[in-house]
There are 2 protein chains.
Amino acid sequence: MPGVTIHDVAAHAGVSISTASRALRGIGYVDAGKRELVLRAVAALGYVPDASAQALRARRSGVIGIVVGDLGNPHTATLVHSIEKYVSARGYTALFTSVVDDGEAMEQKALQTMLRQRPDGLIVATLQTHISDLLLQQARRAGLPTTLIGRSLASGDFDSITSNYQRGSEILTDYLLSLGHRRIAFVGAHLSEAEHVGRLRGYLAAMQRARIKVRPDWVVGDDKPARPYYPNSLTGYRAAKRLLQLRTHPSAIMARNDVTAIGVIQAITEAGLSVPEDVSVTGFDDIPLAGFIAPALTTMSQPTEKEGELAAEFLIARLERPDEVIAPRALTLECNLIVRASSARAPSR
Amino acid sequence: MPGVTIHDVAAHAGVSISTASRALRGIGYVDAGKRELVLRAVAALGYVPDASAQALRARRSGVIGIVVGDLGNPHTATLVHSIEKYVSARGYTALFTSVVDDGEAMEQKALQTMLRQRPDGLIVATLQTHISDLLLQQARRAGLPTTLIGRSLASGDFDSITSNYQRGSEILTDYLLSLGHRRIAFVGAHLSEAEHVGRLRGYLAAMQRARIKVRPDWVVGDDKPARPYYPNSLTGYRAAKRLLQLRTHPSAIMARNDVTAIGVIQAITEAGLSVPEDVSVTGFDDIPLAGFIAPALTTMSQPTEKEGELAAEFLIARLERPDEVIAPRALTLECNLIVRASSARAPSR
DNA sequence: CTGTTAGCGCTTTCAG
DNA sequence: CTGAAAGCGCTAACAG
């Protein structure tokens, strides 16, 4: 099997290589009998077409490049899995790379590697990092079809799928307000990031609507605020520790995402307080583990798998009609409030 | 930039394409001045070599295929990330595919897709599934360098990296025994799987050594025992529910992995019992979240990142010395007991 | 309906 | 040290 080529298949079937090629791809006319022969030869020889040769000649690689952020976040894993499933079912090869915080040089290199494979299209699901913006710019110049996932600001002329983070966050905030909470903190982003972080904007908007002044030290991000980062459990843990040291600590803490919320809960528990009796905690994403941690996490469920599928669908639709000029589509999905055990009425005093 | 080829680079630099090629790869003699010119041209034009063309001609794709199981398990995500990091730092492209339970046809297709890319080597980190065995067989026939991760039985002539699951599990069991536990259950595999599941074997061995008879209903796997499956939180949740219905329920439950343990804890808590006062729970893997759930999980820490790195290192070593005949290496790493809050002395009665 | 032919972009002898 | 030339395995016209 090392190096079975279409020549071998053609010889085995007693046809020319072009006939073999046609039969294999069901393109053009091929005598039914000969097709059968070819298929049989393929099976007998264990022929697997060489993607490189196909790509080189056909000027299409069948590769869809997928750039994601923190694979350590189960939410990302879910997304990745859903994209892979859809993409590979449609005959494409999913090529992933995750760019997190390995340094700009490393990330640059990873993108370079991706571009060398000449992907037919790109799905980008990272935070708004310098490096990913560069990639997007390159993609645009190269006319590389691209779909964005979860970027709050739809970057101009790309297709984009996103959940309504702002709205979701507003609903979450309103929910906490309805439970009597007034001292509500937000964890996982800096105030200065509001422009990029819809979840933070939603919180701010809801608080404003409720005429509650948000104290600057109620919004706490990671220690090194330099560049976009992917908040994780440690982020939440540290932030919550800090919040609990305030003279009057918050009665509710909204975390930017579920993994961050998990860290928040941990810190609260360690401080001898309990969730939700002393402090309510909410997450965002509804990762698979969210219902299993203790206390089960109240969160906004994001249709992650749907996002992945739609992004793939949008992209592939474009790929299969290369000439057709389709206006960029920006689709926003709604999130769903999932009330579990980590939230409760505000303590009476 | 759409379609900058080496011709363009050569033209821009005023040299022939072969000189450009040599300069780019630092192979053979090239006048220093001309090399400089070529490099400048590359930068000016934004040239990125076409991997397909290179692969086709050079008979090496620079792709390393990585087949993993359940991406929903954070442990897998960690592994994937570490492999990607190492592999891409060495100039290779990491091509992942995850095969879980999407049906044999789907998985077959995914592997086919992988093989079409003509990977230079393979890293396989799945359970012993029919489908992955097929792949391994194919790889062997094709002479495709392959490294296995975490397969308890090193499959013959492949390099393999694994942690000492059996030993780890023995230590864990001994630890629970030392806390006075006698009724210790194992969750996440069927008794019949002992041959493949080192963690189960370790538990059985330690129990035997302690002269404690393991009751068959103390070892509980998933509902559909048909084929290898990836145990997750739900597995643990269901299994624990069942265990708690026994006349005398276990005083300790060892889960096959951390995500399973999380489900176990949830079930116990829901039943109105508490961890570790009523039932101790242990996991395996030490996923990043393990210390953050409540109660923090006692578990065996597996050197996951090390595993990924070593596997990549072994494989790449082989790739870079294609002629040299290296005997297959099987490396076993040791695990580390991490005692956290989910385990305690057995209740006095 | 089928075979011949001309490359896709790149690497690699092989003569200069 | 450098350029010309011959393909890698496959697809897509193009004549049969």
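By convention in this document, chain letters (A, B, ...) are assigned in the order of the sequence lines, proteins followed by strands, and residues within each chain are numbered from 1.
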- request: Taking all non-hydrogen atoms of both residues into account, name the closest pair between V124(A) and R151(A) and its distance.
  value: CG1-NH2, 4.2 Å

- prompt: How about Y92(A) and L319(A): do any of their side-chain heavy atoms sit closer than 4.5 Å?
  reply: yes

message: Under 4.0 Å from OP1 or OP2 of dG9(D): is there any side-chain N or O of R59(B) that close?
response: yes

statement: In short, the helix from dC1(C)-dG16(D) to dG16(C)-dC1(D) is bent end to end, axes from five pairs each side, to 10°, by 40°

field: Which residue lies more 5' along DNA chain D, comparing A53(B) with I27(A) via nearest heavy atoms
entry: A53(B)

field: Sugar-phosphate, base or nothing in reach of R25(B), heavy atoms under 4.0 Å
entry: sugar-phosphate

query: Counting side-chain heavy atoms from CB outward, which of dC10(D), dT2(D), dC10(C) is closest to V30(B)?
result: dT2(D)

- request: Write down the distance between CG (D8(A)) and C1' (dC8(D)), rounded to a whole number of angstrom.
  value: 14 Å

- line: Test side-chain contact (heavy atoms from CB on, under 4.5 Å), reference V68(B), set T97(B), I83(B), V80(B), I149(B), output is V80(B)

message: Does the Lys NZ or Arg CZ of R22(A) fall within the cation-pi geometry relative to Y29(A) - under 6.0 Å from the ring centre and within 45° of the axis?
response: no

- request: May I have the distance from R118(A) (atom CZ) to dC10(D) (atom P), rounded to whole angstrom?
  value: 21 Å

- request: Using atom NE2 of H7(A) as one end and atom P of dT4(C) as the other, report the distance to the nearest whole Å.
  value: 11 Å

field: E313(B) with K306(B): basic N within carboxylate O range, under 4.0 Å
entry: no

- request: Figure out the CG/P separation between D50(A) and dC10(D), and round it to whole Å.
  value: 6 Å

message: Under 4.0 Å, heavy atoms only, any strand: does S18(A) hit a base, just the sugar-phosphate, or nothing?
response: base

field: Nearest-angstrom distance from the residue atom CD1 of I17(B) to P of dC1(D)
entry: 21 Å

Nearest listed nucleotide, side chain of K34(B), among dT11(D), dT11(C), dT2(D): dT2(D)

field: Euclidean distance, atom CZ of residue R57(A) to atom P of dA13(D) [Å, nearest integer]
entry: 8 Å

